[in-house]
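Letters A, B, ... are given to chains in the order of the sequence lines, protein chains preceding strands, and every chain is numbered from 1. Because only heavy atoms are used, hydrogens play no part in the values below, and waters and symmetry mates are left out as well, while side chains stay in.
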Protein chains: 2
Amino acid sequence: MHVTVDLAVLTIRDGALSALLIRRAAAPYRGRWALPGGFVHDDEDLPDAAARELVEETGLHGRAGHLEQLASYGSPKRDPRGRVVTIAYLALLPDLPAPIAGSDAASAAWYAVSTVDSLRLAFDHDRILADGIERARAKLEYTPLGAAFCPPEFTIAQLREVYEAVWGTKLDPRNFHRKATTTPGFVVPTGRSTAGERGRPAQLYRRGTATLLYPPMLRP
Amino acid sequence: MHVTVDLAVLTIRDGALSALLIRRAAAPYRGRWALPGGFVHDDEDLPDAAARELVEETGLHGRAGHLEQLASYGSPKRDPRGRVVTIAYLALLPDLPAPIAGSDAASAAWYAVSTVDSLRLAFDHDRILADGIERARAKLEYTPLGAAFCPPEFTIAQLREVYEAVWGTKLDPRNFHRKATTTPGFVVPTGRSTAGERGRPAQLYRRGTATLLYPPMLRP
DNA sequence: CAAATAGTGTCTCTGAGACAGTATGAG
DNA sequence: CTCATACTGTCTCAGAGACACTATTTG
């Protein structure tokens with residue numbers, strides 16, 4: 001029985017929640033878009049395998065963002081090559097330089113998740129990606145992980161745009177500001193502020209130390 | 001690379017959150033307590049393997065309660081026999097007749113989770129069980145799964161005792177009653193009520209159809 | 001009757017949503 | 001100046017916690 005890791009890698013690009021896809025260079029599903037991933041090495045722990053595949057296939061580092069286990073998928077027919085169980089990981093990353101295709105990928109690209117449905121991803125990757133998106137949506141409610149989509153220092157407006165992109169809703173900027181700045185451990189001010197933008201400069205914040213938001217930020 | 005399923009099976013017994021353990025009949029860790037589980041068959045999906053192992057090793061059926069995937073564990077050294085990745089499942093069951101030891105188990109028993117720490121379970125099962133308990137605690141907040149610990153028809157007081165056992169807190173019976181009966185889709189009245197108990201008879205309820213509680217029932 | 005448990009009503013306080021108003025930058 | 005965006009304050013309403021009170025049973 002073979003074991004792989006697959007990665008649902010999400011970021012915000014141009015205000016849209018987007019997923020990292022690679023075009024498969026080899027059979028099966030050659031030429032189809034798929035999630036990055038690959039076989040787990042014999043002496044390697046699962047999170048290490050996920051981080052390694054992310055770098056190998058796309059040149060991206062998870063360090064800047066967040067990487068967590070999503071779920072495992074092991075239907076007997078999910079891979080035509082034989083029995084393959086995959087451990088899916090979910091990565092949330094800030095909008096970084098364009099990914100670089102690695103060894104097993106003909107190319108790598110970001111796709112807005114709203115357009116992925118029409119691609120018909122390889123294997124059961126449509127399902128894995130859908131589960132990853134739902135996990136991300138849920139996690140923004142009760143963790144400060146929205147900041148994983150942002151650069152190290154960010155404004156409250158940037159953070160709000162993350163929530164709006166992930167949830168697909170508009171949020172009131174004033175109420176969001178109050179909520180973000182008063183929920184303990186959500187964000188911490190750096191003292192610095194933006195300049196050269198349109199409108200009043202905004203305070204810059206870093207991600208807070210809380211792992212759970214209390215009270216949570218429930219979806220409208 | 002071998003793939004197994006392991007089960008964190010929880011119930012409420014005598015007011016205490018309890019886990020189902022088996023005593024290992026074979027090496028490695030022979031004689032130690034462990035979670036029920038076993039190898040995934042070649043033609044078998046993961047949830048089927050979990051349900052099969054539950055029946056084989058303990059005689060319990062997941063039908064009455066709830067069975068969901070928990071997480072996967074694949075540290076290279078976690079099994080002395082070689083590389084074994086395990087997909088852990090979490091089962092929440094009503095308090096059923098005592099489990100019956102199956103093929104691979106010398107015996108099977110319920111242990112209050114507060115006493116499990118001192119047993120030093122086999123493999124990384126302490127960690128898996130701890131993750132399962134934390135998942136159960138979190139899920140009671142925003143799903144109606146507390147009812148998975150109850151018989152098909154139950155009183156609000158029984159449901160409250162589930163929450164108290166899982167969270168390890170006391171809850172106000174009156175506020176809990178209001179919350180349980182007014183949150184849409186949480187419980188539905190059957191029209192029947194208890195009799196022969198001490199005090200005023202209680203209405204019987206069934207589990208509602210909601211999958212998510214809104215607003216959630218946050219831990220105090 | 002008392003004791004016990006089920007269930008209702010009511011008050012208060014916190015926090016979310018709506019939205020007016022003020023602050024501070026660019027052009 | 002105007003315009004745009006950041007931020008603050010205020011009102012109202014929903015829901016959680018505290019807890020008095022009523023209802024219905026057993027002994």
Side-chain angles (χ1 to χ4, degrees), chain A residues 15 140-142 144 146-147 150 153-164 167-206 210 212-220, chain B residues 15 140-142 144 146-147 150 153-164 167-206 210 212-220:
Chain A
L140 289 210
E141 292 198 302
Y142 54 91
C150 297
E153 300 199 352
F154 53 87
T155 66
I156 301 296
Q158 280 178 279
L159 186 59
R160 175 170 45 82
E161 285 156 15
V162 166
Y163 275 80
E164 292 178 339
W167 286 348
T169 57
K170 283 289 168 191
L171 300 173
D172 185 289
R174 299 159 294 184
N175 290 335
F176 184 89
H177 188 281
R178 182 183 30 161
K179 177 69 180 170
T181 51
T182 62
T183 300
F186 195 178
V187 295
V188 290
T190 64
R192 275 184 290 283
S193 51
T194 58
E197 307 283 316
R198 222 161 39 164
R200 174 174 169 179
Q203 295 291 112
L204 285 167
Y205 294 82
R206 253 185 240 290
L212 237 58
L213 297 184
Y214 194 89
M217 179 120 176
L218 298 177
R219 275 176 269 192
Chain B
L140 290 209
E141 292 198 303
Y142 54 93
C150 296
E153 300 199 353
F154 52 89
T155 67
I156 300 296
Q158 279 178 280
L159 186 59
R160 175 169 45 82
E161 284 156 15
V162 167
Y163 275 80
E164 292 177 338
W167 287 348
T169 57
K170 283 289 170 193
L171 299 173
D172 184 289
R174 298 158 295 181
N175 290 335
F176 184 89
H177 188 281
R178 181 182 31 157
K179 176 71 180 170
T181 51
T182 62
T183 299
F186 195 1
V187 296
V188 290
T190 63
R192 275 185 290 282
S193 51
T194 57
E197 307 284 316
R198 219 162 39 165
R200 174 175 168 178
Q203 294 292 110
L204 285 166
Y205 294 82
R206 254 185 241 289
L212 236 58
L213 298 184
Y214 194 89
M217 179 118 175
L218 298 177
R219 276 176 266 193

Between protein and nucleotides 3-7 of chain D, what N or O pairs are separated by less than 3.5 Å?
unit_1, atom_1, unit_2, atom_2, d
D/dT5, OP1, A/Arg198, NH2, 3.4
D/dT5, O2, A/Arg200, N, 3.3
D/dA6, N3, A/Arg200, NH1, 3.2
D/dC7, OP1, A/Gln203, N, 2.9
D/dC7, OP2, A/His177, NE2, 3.4
D/dC7, O5', A/His177, NE2, 3.3

Between A/Pro201 and A/Thr194, what is the shortest heavy-atom contact and its length?
CB-O, 3.1 Å
Along DNA chain C, 5' to 3', what are the outermost nucleotides having an atom less than 4.0 Å from a heavy atom of chain A?
C/dA16 to C/dA26
Can you give me the closest heavy-atom contact between A/Lys179 and A/Pro215, atom names plus distance?
NZ-O, 3.1 Å
I'd like a table of donor-acceptor pairs (distance under 3.5 Å, sequence neighbours excluded) in which one partner is a side-chain atom from residues 184-191 of chain A, with atom names and distances.
unit_1, atom_1, unit_2, atom_2, d
A/Thr190, OG1, A/Arg192, N, 3.2
A/Thr190, OG1, A/Leu204, O, 2.9

Between B/Leu204 and A/Glu197, which has a closest nucleotide on DNA chain C that is more 5'?
B/Leu204
Is there a side-chain contact between A/Pro216 and B/Leu218 in this structure, where contact means two heavy atoms from C-beta onward sitting under 4.5 Å apart?
yes
Given DNA chain D, 5'-ward residue of the pair B/Ala195 and B/Pro220, judged by closest heavy atom
B/Pro220
List for me each residue that meets side chain to side chain contact (heavy atoms under 4.5 Å, CB included) alongside A/Thr169, sequence neighbours excluded, and say none if there are none.
A/Trp167, A/Leu171, A/Pro220
Not counting sequence neighbours, which residues clear salt bridge (Lys or Arg N to Asp or Glu O under 4.0 Å) with A/Arg206? List them please.
A/Glu153
All salt bridge (Lys or Arg N to Asp or Glu O under 4.0 Å) counterparts of A/Glu161, not counting sequence neighbours
none
Could you list the residues that satisfy salt bridge (Lys or Arg N to Asp or Glu O under 4.0 Å) with A/Glu197, not counting sequence neighbours?
none
For the student: nearest non-hydrogen atoms of A/Tyr163 and A/Leu140, plus distance
OH-O, 3.0 Å
A/Arg174 meets the salt bridge (Lys or Arg N to Asp or Glu O under 4.0 Å) criterion, sequence neighbours left out, with A/Asp172
Which pairs, protein N/O on one side and nucleotides 10-16 of chain D N/O on the other, fall under 3.5 Å?
unit_1, atom_1, unit_2, atom_2, d
D/dA16, OP1, B/Lys179, NZ, 2.6

